[in-house]
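Right, one structure below, let's go through it.
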Amino acid sequence: MCQENTNNKKKVLSCIQPSGMLTLGNYLGALKNWIAMQDEFDCTFAVADLHAITVRQEPAALRQQIYSTYALLLALGLDPEKNTIFIQSHVPEHANLSWLLSCYTQFGEMSRMTQFKDKSLKHPENVNVGLFSYPVLMAADILLYKPDFVPVGADQKQHLEISRDIATRFNNIYGDVFTIPEPYIPKAGAKIMSLQDPTKKMSKSDDNPNSWVAILDSREDIIRKFKRAVTDSEAVVRFSEDKPGISNLITIYSAVTDKTISEIEKEFEGKGYGEFKLAVGEAVADTLAPIKARYDEIIKDKKTLEALYRAGAEKAEKVARKTYFKAMKKVGFVL
Ligand code: TYM
């Protein structure tokens with residue numbers, strides 16, 4: 001059981017939004033590390049459903065995506081006995097602590113968040129306050145569980161820094177309430193780029209489905225998307241800043257095969273992009289196939305799924321409640 005840190009393991013916390021299909025970027029930037037960390041660390045993982053409504057969601061689709069994301073976490077091989085795996089909105093302390101922390105967060109520092117700037121440009125019709133204050137909710141997600149490490153992709157680094165700043169500010173006023181977490185960002189795969197525009201992050205919210213690979217895509221779709229990936233005209237498999245398309249494919253191949261960049265460059269010396277793209281597509285499809293097979297089984301059994309996410313929320317709330325009440329007490333609320 002891992003609701004209390006009764007063992008000496010360091011703690012890990014991370015979350016993922018259930019907005020649309022999870023991508024190869026999510027897998028290589030974050031989820032792969034979650035799987036790798038579950039033996040060594042005391043881990044808590046959540047489906048961050050409250051975060052998803054910062055952009056408008058269709059209710060039935062959102063509900064389906066929450067189930068599907070939870071099932072996918074299990075399909076990846078995250079063990080619900082060993083880890084605490086839950087749905088964020090089932091533990092009300094997240095939203096509660098978020099309010100408290102928002103009163104210790106400055107408007108100016110939130111205005112600097114690049115993801116807010118990007119998303120408000122993308123959805124100018126719905127620049128809501130939740131979108132603006134989203135990193136405070138993320139800080140609450142993290143700080144409730146006092147993790148030592150937070151495994152995320154590079155795009156979340158700025159949000160993690162603000163979580164650290166908020167925690168430090170709170171601790172400076174009230175004493176030792178929160179642990180200051182460290183980001184845990186992978187060497188290969190921290191930022192997987194779009195297959196159609198390699199200057200942009202691979203994102204499930206991209207309108208062009210050829211730009212991203214879903215973890216649950218079929219083998220044929222995966223290989224087709226890699227065959228169509230945008231590269232350059234040099235036709236040499238070489239990693240270089242001025243070759244973002246091919247460098248992105250090399251990064252992906254390296255992350256799924258554990259081969260180094262120079263090993264890959266050697267392997268494809270004198271070979272064309274066609275051959276390389278096919279090899280990347282096949283390697284990715286081979287990596288994702290067993291996950292998809294397990295997912296197809298797990299998603300059929302809604303009863304077991306429900307029992308697991310309910311038990312996960314119960315385990316999570318025991319930890320979250322303690323931290324939340326400690327913070328409330330320090331501020332001066334009557335408990
Ligand atoms: P989200 O749901 O957008 O993404 C989940 C995880 O996947 C990583 N990621 C990527 N990594 C590499 N390349 C990419 N193209 C790529 N796209 C996504 C993200 O960095 C992330 O680690 N705000 C978070 C969810 C969240 C959270 C938290 C994370 C809510 N509360 C507390 C950590 C701790 C988000 O929107 O991630």
Side-chain angles (χ1 to χ4, degrees), residues 11-35 37 43-55 65-66 68-70 72-73 76 86-89 91 93-95 97-98 101 113-116 118-119 130-131 133-164 166-167 179 181-206 211-215 244 248 251-252 255-256 316 320:
K11 290 189 179 194
V12 160
L13 173 289
S14 201
C15 308
I16 188 158
Q17 290 200 49
S19 36
M21 301 288 264
L22 301 196
T23 69
L24 182 65
N26 295 132
Y27 177 72
L28 296 178
L31 300 170
K32 196 170 169 237
N33 267 340
W34 298 13
I35 305 161
M37 291 172 111
C43 298
T44 303
F45 300 119
V47 176
D49 54 347
L50 294 173
H51 284 266
I53 62 163
T54 52
V55 293
Q65 281 160 206
I66 296 169
S68 153
T69 306
Y70 192 91
L72 192 55
L73 296 186
L76 286 164
F86 68 104
I87 296 171
Q88 180 193 30
S89 64
V91 179
E93 282 78 3
H94 289 247
L97 184 66
S98 173
L101 297 180
M113 296 293 109
T114 53
Q115 206 169 72
F116 170 70
D118 294 348
K119 285 203 177 172
L131 188 65
S133 62
Y134 153 119
V136 183
L137 178 59
M138 181 161 159
D141 298 339
I142 297 171
L143 299 178
L144 282 171
Y145 300 91
K146 301 189 174 177
D148 299 284
F149 301 108
V150 181
V152 283
D155 63 323
Q156 295 300 322
K157 195 163 175 261
Q158 197 184 32
H159 293 158
L160 217 70
E161 276 158 11
I162 204 163
S163 302
R164 289 165 54 91
I166 297 169
T179 300
E182 293 290 335
Y184 192 100
I185 295 174
K187 281 202 187 81
K191 195 166 187 196
I192 300 299
M193 310 310 278
S194 153
L195 298 184
Q196 290 300 312
D197 176 358
T199 61
K200 270 180 22 194
K201 182 185 82 162
M202 180 183 283
S203 166
K204 52 202 165 199
S205 56
D206 198 310
S211 71
W212 47 274
V213 168
I215 298 179
N248 187 38
T251 300
I252 293 171
V256 294

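Counting convention: from 1, in listed order, for ligands and their atoms alike.
Comparing heavy-atom distances from atom 30 (C) of ligand 1 across His51, Lys201, Lys32 singles out His51 as nearest. The option with the heavy atom closest to atom 35 (C) of ligand 1, from among Met138, Met202, Lys191, Gln156, is Gln156. Nearest to atom 31 (N) of ligand 1 by heavy atom, out of Leu28, Asp141, Thr251, is Asp141.
A donor-acceptor contact shorter than 3.5 Å links the side chain of Lys32 to the backbone of Ala255. In this structure, the side chain of Gln158 engages the main chain of Thr114 through a donor-acceptor pair within 3.5 Å.
Protein heavy atom nearest atom 10 (C) of ligand 1, with residue, atom name and distance: Gly25 O, 3.3 Å. Scanning all protein heavy atoms for the shortest distance to atom 2 (O) of ligand 1 gives Gln17 N, 2.8 Å. The protein heavy atom nearest to atom 25 (C) of ligand 1 is Cys15 O, 3.6 Å. Scanning the protein for heavy atoms near atom 4 (O) of ligand 1, the closest one is Asn26 ND2, 3.2 Å. Counting protein heavy atoms only, atom 12 (C) of ligand 1 is closest to Ala190 O, 3.1 Å. For atom 34 (C) of ligand 1, the nearest non-hydrogen atom of the protein is Ile142 CG1, 3.6 Å. When only non-hydrogen protein atoms are considered, atom 23 (N) of ligand 1 lies nearest to Tyr134 OH, 2.3 Å.
An N or O contact shorter than 3.5 Å is missing between Ser14 and ligand 1 by distance. Close N/O approach between Asp155 and ligand 1 is found [any backbone or side-chain N/O within under 3.5 Å]. Taking any N or O of Thr23, backbone or side chain, none lies under 3.5 Å from an N or O belonging to ligand 1. By the 3.5 Å distance cut-off applied to N or O atoms, Ala154 is not counted among the residues near ligand 1. No N or O atom of Leu13 sits closer than 3.5 Å to an N or O atom of ligand 1. Considering both main-chain and side-chain atoms, Ile192 comes within under 3.5 Å of ligand 1 through a nitrogen or oxygen pair.
Using a 4.0 angstrom heavy-atom cutoff, His159 does not count as in contact with ligand 1.
Ligand 1 places these atoms under 4.0 Å from at least one heavy atom of Val150: 33 (C), 34 (C). In summary, the atoms of ligand 1 found under 4.0 Å from a heavy atom of Ile16, numbered by their order in the structure, are 2 (O), 5 (C). With ligand atoms numbered from 1 in the order given, ligand 1 contributes 2 (O) to contacts under 4.0 Å with heavy atoms of Lys204.
Aromatic ring pairs are classed by plane angle as parallel below 30°, tilted from 30° to 60° and perpendicular above 60°; the pair Phe86 and His94 is tilted.
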